[in-house]
Amino acid sequence: GAVVSQHPSRVICKSGTSVKIECRSLDFQATTMFWYRQFPKKSLMLMATSNEGSKATYEQGVEKDKFLINHASLTLSTLTVTSAHPEDSSFYICSASVLAGGGEQYFGPGTRLTVT
Amino acid sequence: QKEVEQNSGPLSVPEGAIASLNCTYSDRGSQSFFWYRQYSGKSPELIMFIYSNGDKEDGRFTAQLNKASQYVSLLIRDSQPSDSATYLCAVGMYSGGGADGLTFGKGTHLIIQP
């Protein structure tokens, strides 16, 4: 149980273009999903909290107009990196919180974004 | 600023021995504590979670929590080479109405020597 999928697993895009990443909870409903970013040799940094049917809450320093988050259903959240730049290249990982759980989060496999 | 501190390692442990991983956190209001295992290039995998002071055992893994000392640990018994990975300590606030984003430590790189 508690399987989270992410698509695509790897994407290369040109500077200035936009990239959409999907995060799905496959076997449970998640009112809350989270988006993290991890740079090489660094720990995960929370970018935003995505709640179904409401606006995402962004962490300090994360541009909401650059990282667009939509949580359209209890099983799907999307992150769109707009006007991507090389410094946006990173490992983006989503997680979902079990609806009736105690706060434990299950992570998707991650999306490795490379902006050229 | 919430902080989670871990020794980055590497921590080298012989196969079959007990691996002990430690973590301290700064926010006294933290209510939920997690250990994740992350292999290189992969996303984190939940190993254990603990909410109350004391020990929690699951198979070869034991999580220990001491809120007064703001200290969390993970013990891995009968260590196997497949346990070699980076172990991330994460701390959160569970308000009962939902979960909050987690604050992660930088991880401890564990090496199990055959």
Side-chain angles (χ1 to χ4, degrees), chain A residues 1-6 9-10 21 23 25 29-54 56-62 69 71 74 90-112, chain B residues 1-10 21 23-25 27 29-52 56 58 61 63 65 72 85-109:
Chain A
V3 178
V4 178
S5 71
Q6 225 176 301
S9 59
R10 189 177 295 266
I21 303 169
C23 177
S25 56
Q29 292 183 326
T31 51
T32 306
M33 290 184 172
F34 304 89
W35 287 95
Y36 294 83
R37 180 168 53 184
Q38 186 176 36
F39 291 106
K41 307 290 186 185
K42 301 292 185 183
S43 190
L44 281 77
M45 295 299 294
L46 178 66
M47 297 175 66
T49 301
S50 168
N51 291 295
E52 186 263 338
S54 64
T57 302
Y58 291 81
E59 294 299 299
Q60 190 174 9
V62 178
I69 292 173
H71 194 155
L74 285 173
S90 186
F91 191 41
Y92 291 86
I93 316 173
C94 72
S95 71
S97 175
V98 177
L99 187 62
E104 59 268 29
Q105 295 178 24
Y106 296 89
F107 284 83
T111 297
R112 191 161 301 281
Chain B
Q1 182 79 9
K2 299 176 187 176
E3 293 184 351
V4 177
E5 299 288 340
Q6 293 181 257
N7 188 322
S8 61
L21 304 163
C23 168
T24 59
Y25 59 95
D27 189 343
S30 301
Q31 299 180 39
S32 53
F33 308 87
F34 306 87
W35 283 100
Y36 287 86
R37 177 174 62 196
Q38 186 175 28
Y39 294 110
S40 181
K42 302 295 184 182
S43 69
E45 173 191 7
L46 181 64
I47 298 295
M48 292 280 293
F49 58 89
I50 185 167
Y51 305 130
S52 303
K56 179 182 178 182
D58 184 1
F61 300 97
L65 173 62
V72 195
T86 296
Y87 288 81
L88 303 172
C89 173
V91 174
M93 304 285 292
Y94 176 59
S95 61
D100 294 337
L102 301 179
T103 300
F104 280 83
K106 292 183 178 180
T108 297
H109 183 43

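Proteins come first, then strands; the chains are lettered A, B, ... in the order of their sequence lines, and each starts at number 1. Note that the structure is a prediction, hence the values are computed from the model and not measured.
Residues A:Pro109 and B:Ser43 approach most closely at CA-OG, 3.4 Å, considering heavy atoms. The minimum heavy-atom distance linking A:Gln105 with B:Tyr36 is given by the pair O-OH, 2.6 Å. Here the closest non-hydrogen pair linking A:Leu44 and B:Leu88 is CD1-CD1, 3.7 Å.
Distance check: B:Gln38 CD to A:Phe107 CZ gives 8.5 Å after rounding to the nearest 0.5 Å.
With sequence neighbours left out, B:Glu45 forms a side-chain hydrogen bond (donor to acceptor under 3.5 Å, both in side chains) with B:Arg37. Residues meeting the side-chain hydrogen bond (donor to acceptor under 3.5 Å, both in side chains) test with A:Trp35, sequence neighbours left out: A:Ser77.
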Next item on the list: Mind running side-chain contact (heavy atoms from CB on, under 4.5 Å) on A:Tyr36 and B:Leu102 for me, showing each step along the way?
Entry: CA-CA 9 Å; A:Tyr36 294 83; B:Leu102 301 179; 3.5 Å; yes

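Between chain A and the residues B:Ser8, B:Gly107, B:Gly41, B:Pro44, the largest count of heavy-atom pairs under 4.5 Å involves B:Pro44.
Looking at A:Gln38, only its side chain comes within 4.5 Å of chain B, counting heavy atoms on both sides.
For B:Lys56, the NZ atom is densely surrounded, since the number of other residues' heavy atoms within 6.0 Å is greater than 12.
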